[in-house]
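The next block holds one structure in the form of structure tokens; read it before the comments.
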Number of protein chains: 2
Amino acid sequence: MMRILSRAELKNELLRSGIRPSVQRLAIYEYVYRSTAHPTAEKVYEALRDELGSLSLTTVYNTLKLYADAGLVMMIHIDDNYLRFDGNTQMHAHFRCNECGEIYDLPVEGNSLGCLAGLEGIKVTEAQLYLRGVCKKCLQQNYIS
Amino acid sequence: MMRILSRAELKNELLRSGIRPSVQRLAIYEYVYRSTAHPTAEKVYEALRDELGSLSLTTVYNTLKLYADAGLVMMIHIDDNYLRFDGNTQMHAHFRCNECGEIYDLPVEGNSLGCLAGLEGIKVTEAQLYLRGVCKKCLQQNYIS
DNA sequence: TTTTATATTTGCAATGATTTCAGAAGTGAA
DNA sequence: TTCACTTCTGAAATCATTGCAAATATAAAA
């Protein structure tokens, strides 16, 4: 588990990736980095609009795309309707509850790609494991009702 | 590896799932079942339109959704731009080449979820493993040029 | 400090895959 | 044949995401 970074350290992360840390960029990075809710672009926009005084949804999309290309955030495609973003770039799986729509992180232990065959001669740069089903909370509620 | 089913057997598969095998439905099922290209709805539509004389893109979408809910086909979310479908419902991973866009199947051996923690009390109904990178063919071409 | 060049942000319009919807066509039972 | 019900169709609507050109901010040079 990596230590939680301060705002100044997040700024340095951007610089290290060759990205100039404008006010908007740092705010967007910090929000996604600290969130555990896998926010959509819209969510990031709503959360920061007031705080920043001025912000465009286009900027949010552009910036998150920039970060995804730089490997600073992960794009999560588990939702049928929109793209989500995750500031945690360490290997982990995602579980989406079909009842409540919530997305949970699942830790991955050991070699997650050990079960895969046919990787010879292929260059893998990214791996995502998505699970769906019903979460603990919804299972209990369904049982009661 | 499961035996390849005949058209009559595919029809029975539909009936067993409580789906009435109309001309359109059977054609769509058979096309996705026999394809290894992870076709989009548009692709299915183009491939069957002439053969069937009459077909609506809406029907293709509705039918594929019906099959996905019934567990007869898998929805593949690996492509940023559109939904793809896979008639192979056995556990396997998908690899998408970032250069050519091609999607390949990767066999999964053993317990693919063995590396996961935090599954207690959760009901998992679906697992998808997506990989991205550069495929063998594109790696060779990049080296030559 | 001003000028200048460049990078970033903004808001609106466009895009396009997917869905909605209401009517048409098909199907099977009586 | 009629009736009730299911399926299909095509056009219009939806809406997340992207394109674009103008506005603004920033940093370096003069």
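Side-chain atoms are counted along with the backbone in the values below, which use heavy atoms only and exclude waters and symmetry mates. Just so it is clear: chains get the letters A, B, ... in the order the sequence lines come, proteins before strands, and each one is counted from 1. Keep in mind that this is a model prediction, so the values were computed, not measured.
Within the nucleic acid shown, A:T59 comes within 4.0 Å of at least one base atom, counting heavy atoms only. Across all strands shown, B:Y82 has heavy atoms under 4.0 Å from sugar-phosphate atoms exclusively, and none from any base.
Residues B:D86 and B:H94 have side chains that bring a donor and an acceptor to within less than 3.5 angstrom of each other. A donor-acceptor contact under 3.5 angstrom links the side chains of A:Y130 and A:Q128, judged on distance only. A side-chain donor from one of B:D105 and B:H38 sits under 3.5 Å from a side-chain acceptor of the other.
Rounded to a whole Å, the CG atom of A:L26 is 16 Å from the C1' atom of D:dT26. With rounding to whole Å, A:M75 atom CE is found 13 Å from D:dA16 atom C1'. Protein atom CG of A:L15 is 11 Å distant from nucleotide atom P of D:dA27, rounded to whole Å. The CG atom of B:D80 sits 17 Å away from the P atom of D:dA16 (whole-angstrom rounding). In this entry the distance linking CG of A:D79 with P of D:dA16 reads 11 Å, nearest Å. To the nearest angstrom, P of D:dT9 lies 11 Å from CG of B:L48.
Shown here are the salt bridge (charged side-chain N to carboxylate O under 4.0 Å, His left out) partners of B:D80, two or more places apart in sequence or in another chain: B:R132. When the salt bridge (charged side-chain N to carboxylate O under 4.0 Å, His left out) test is applied to A:R25, no partner is found at least two apart in sequence or on another chain.
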Between the protein and nucleotides 10-12 of chain D, list every N/O to N/O distance that falls short of 3.5 Å.
unit_1 : atom_1 : unit_2 : atom_2 : d
D:dG10 : N7     : B:S56  : OG     : 3.3
D:dG10 : N7     : B:T58  : OG1    : 3.4
D:dG10 : O6     : B:T58  : OG1    : 3.4
D:dA11 : N6     : B:T58  : OG1    : 3.1

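A:I103 and B:L119 fall into different hydrophobic clusters, where Ile, Leu, Val, Met, Phe, Trp and Tyr residues are linked whenever their side-chain heavy atoms come under 4.5 Å apart, directly or through other members.
Residue pairs meeting the salt bridge (Lys or Arg N to Asp or Glu O under 4.0 Å) criterion with at least one member in residues 33-42 of chain A, sequence neighbours excluded: A:E30-A:R34.
For A:R49, the CZ atom is densely surrounded, since the number of other residues' heavy atoms within 6.0 Å is greater than 12.
In this structure, the helix from C:dT1-D:dA30 to C:dA30-D:dT1 shows an angle of 10° between the axis at its start and the axis at its end, each fitted on 5 base pairs and rounded to 10°.
Looking at which nucleotide of DNA chain D each of A:N81 and B:R25 is closest to, the 5′-most match is held by B:R25.
First and last contacts of DNA chain C with chain A, using any nucleotide atom under 4.0 Å from a protein heavy atom and ordered 5' to 3', fall at C:dA7 to C:dC12.
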Legend entry - Residue pair B:L72, B:T89: steps toward the side chain to side chain contact (heavy atoms under 4.5 Å, CB included) verdict: CA-CA 7 Å; B:L72 292 170; B:T89 53; 5.7 Å; no
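B:E99 and A:K123 are not joined by a salt bridge, as no carboxylate oxygen comes within less than 4.0 angstrom of a charged side-chain nitrogen. We find that B:R16 and B:E13 are joined by a salt bridge, their nearest charged nitrogen and carboxylate oxygen being less than 4.0 Å apart.
Close to D:dA25, at under 4.0 Å from its OP1 or OP2, lies no side-chain N or O of A:Q24.
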